[in-house]
Amino acid sequence: MAIAKKALVWSLFAVGGTMTALLFPALMVIFLLISVGHVPDGLSFGNATAFSQSWLGKMFLFGVLFLSIWHAAHRLRVIFHDIGLRADTFMASVLYVLAALGTLLTAYFLWTIR
Amino acid sequence: MSRRPYIRPVSRTAWYMTHVRYKSYMLRELTCVLVAVYCVLILSGLAALASGTQTRWDEFLASQQHLAWILFHGFALVFFTVYQSIAWFGLAPKAMPLQMGDRTVPGGLIVAAHYMLWLVLSAALFWIAGVI
């Protein structure tokens with residue numbers, strides 16, 4: 001059982017790692033543009049709402065957030081172990097509960113945007 | 001067995017500072033802190049959209065327009081590209097070697113395919129966001 005659980009979180013880590021490696025640099029460029037005051041057209045209130053209202057947009061946003069959240073949770077668990085905090089069961093519980101909350105919150109927000 | 005086996009002293013909290021390979025391992029692992037920050041940012045953006053009011057969305061965009069965020073996003077872009085994207089693509093053929101029949105696909109080809117996909121998906125994201 002423990003092995004099966006590990007395989008599940010590890011595969012989420014691996015898929016999430018590939019997805020973030022592919023998409024996050026572009027995402028960071030977009031945030032950089034916003035922060036210097038050049039908000040791209042697609043992120044106007046109307047366009048951003050329309051995108052998150054469409055099923056394709058919802059699926060895209062949920063997929064990206066779901067994988068990022070679980071990737072980060074699993075890797076943070078390893079980091080806490082690596083920097084000497086040897087309380088793996090506790091840290092894993094805290095991080096995976098947070099990840100589950102983040103996943104639920106994502107679903108709730110996407111459900112609310114209609 | 002000797003009565004007093006030699007135990008090499010290893011720091012529990014700073015062992016990764018002892019070798020350049022451990023250091024770059026830690027830098028790669030630390031990229032997930034950036035992933036976590038961007039998850040929170042996107043979630044707060046979605047919360048603003050979910051409120052259904054333009055004011056909340058504009059407040060979210062305006063909250064980013066601060067020198068600290070400009071520096072953060074600039075740093076994140078460079079750090080993440082080097083220690084996550086480039087590192088991850090470079091490791092891909094080692095983590096997932098591909099075999100076709102009797103032959104293994106050359107590692108360089110797998111890495112090149114990742115870079116191509118990176119280019120295409122980044123362009124797609126820029127197109128969706130209206131950057132290009």
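In what follows, chains carry the letters A, B, and so on, assigned in the order in which the sequence lines appear, proteins first and then strands, with residues in each chain numbered from 1. What you are looking at is a predicted structure, and each value in this text was computed from that prediction instead of being measured.
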Where is the tightest heavy-atom contact between [X] and [Y], given as atom of each residue plus distance?
| X | Y | answer |
| --- | --- | --- |
| Ala47(B) | Phe109(A) | CB-CZ, 3.5 Å |
| Gln64(B) | Ile34(A) | CB-CG2, 3.9 Å |
| Cys39(B) | Ser68(A) | SG-CB, 3.4 Å |
| Phe31(A) | Ile42(B) | CE1-CG1, 4.5 Å |
| Ala129(B) | Ile30(A) | CB-CD1, 3.7 Å |

What part of [X] lies closer than 4.5 angstrom to a heavy atom of chain B: side chain, backbone, both or neither?
| X | result |
| --- | --- |
| Arg114(A) | neither |
| Tyr108(A) | neither |
| Leu85(A) | neither |
| Thr18(A) | both |
| Phe13(A) | both |
| Leu98(A) | neither |
| Ser52(A) | side chain |
| Leu33(A) | side chain |

Below 4.5 Å, heavy-atom pairs only: which of [options] has the largest tally toward chain A?
| options | result |
| --- | --- |
| Trp57(B), Phe72(B), Trp88(B), Trp118(B) | Trp88(B) |
| Thr13(B), Val35(B), Leu30(B), Thr53(B) | Val35(B) |
| Ile132(B), Leu117(B), Thr81(B) | Leu117(B) |
| Leu41(B), Leu46(B), Thr31(B) | Leu46(B) |

Calculate, to the nearest 0.5 Å, the distance between atoms [atom1] and [atom2] belonging to [X] and [Y] respectively.
| X | Y | atom1 | atom2 | answer |
| --- | --- | --- | --- | --- |
| Ile79(A) | Cys32(B) | CD1 | SG | 4.0 Å |
| Leu49(B) | Phe45(A) | CG | CZ | 6.5 Å |
| Phe60(B) | Leu43(A) | CZ | CG | 9.0 Å |
| His73(B) | Ser35(A) | NE2 | OG | 5.0 Å |
| Ile128(B) | Leu56(A) | CD1 | CG | 8.0 Å |
| Gln84(B) | Arg75(A) | CD | CZ | 5.0 Å |

Select one option (side chain, backbone, both, neither) describing which atoms of [X] are under 4.5 Å from chain A's heavy atoms.
| X | value |
| --- | --- |
| Trp127(B) | neither |
| Met96(B) | neither |
| Phe89(B) | side chain |

Take Phe80(B) and Thr20(A) through the test side-chain contact (heavy atoms from CB on, under 4.5 Å) and record every step on the way to the result.
-> CA-CA 9 Å; Phe80(B) 193 88; Thr20(A) 55; 3.8 Å; yes
Please check if [X] and [Y] belong to a single hydrophobic cluster, counting links between Ile, Leu, Val, Met, Phe, Trp and Tyr side chain heavy atoms closer than 4.5 Å.
| X | Y | answer |
| --- | --- | --- |
| Tyr38(B) | Leu12(A) | yes |
| Leu27(A) | Val120(B) | no |
| Val97(A) | Met91(A) | no |
| Leu119(B) | Phe126(B) | no |
| Val37(B) | Tyr83(B) | yes |

Do [X] and [Y] make a side-chain contact, defined as non-hydrogen atoms from C-beta onward lying under 4.5 Å apart?
| X | Y | value |
| --- | --- | --- |
| Leu125(B) | Phe60(A) | yes |
| Phe24(A) | Ser85(B) | no |
| Trp69(B) | Leu32(A) | no |
| Val131(B) | Val29(A) | no |

Hey, which residues of residues 98-105 of chain B are touching chain A, say heavy atoms under 4.5 Å apart?
-> none
Decide yes or no on side-chain contact (heavy atoms from CB on, under 4.5 Å) for Ile83(A) and Met26(B), but give the supporting numbers first.
-> CA-CA 9 Å; Ile83(A) 59 173; Met26(B) 272 315 249; 3.6 Å; yes
So with a 6.0 Å cut-off around CZ of Arg86(A), is the heavy-atom count from everything else above 12?
-> yes
Shorter than 4.5 Å, heavy atoms on both sides: which option in [options] has the most such pairs with chain B?
| options | value |
| --- | --- |
| Gly37(A), Pro25(A), Ala14(A) | Pro25(A) |
| Leu105(A), Val36(A), Val39(A), Asp82(A) | Asp82(A) |
| Leu65(A), Ile69(A), Val78(A) | Leu65(A) |

Is the side chain of Glu29(B) donor-acceptor paired with the backbone N or O of Leu76(A) at a distance under 3.5 Å, no angle test?
-> no
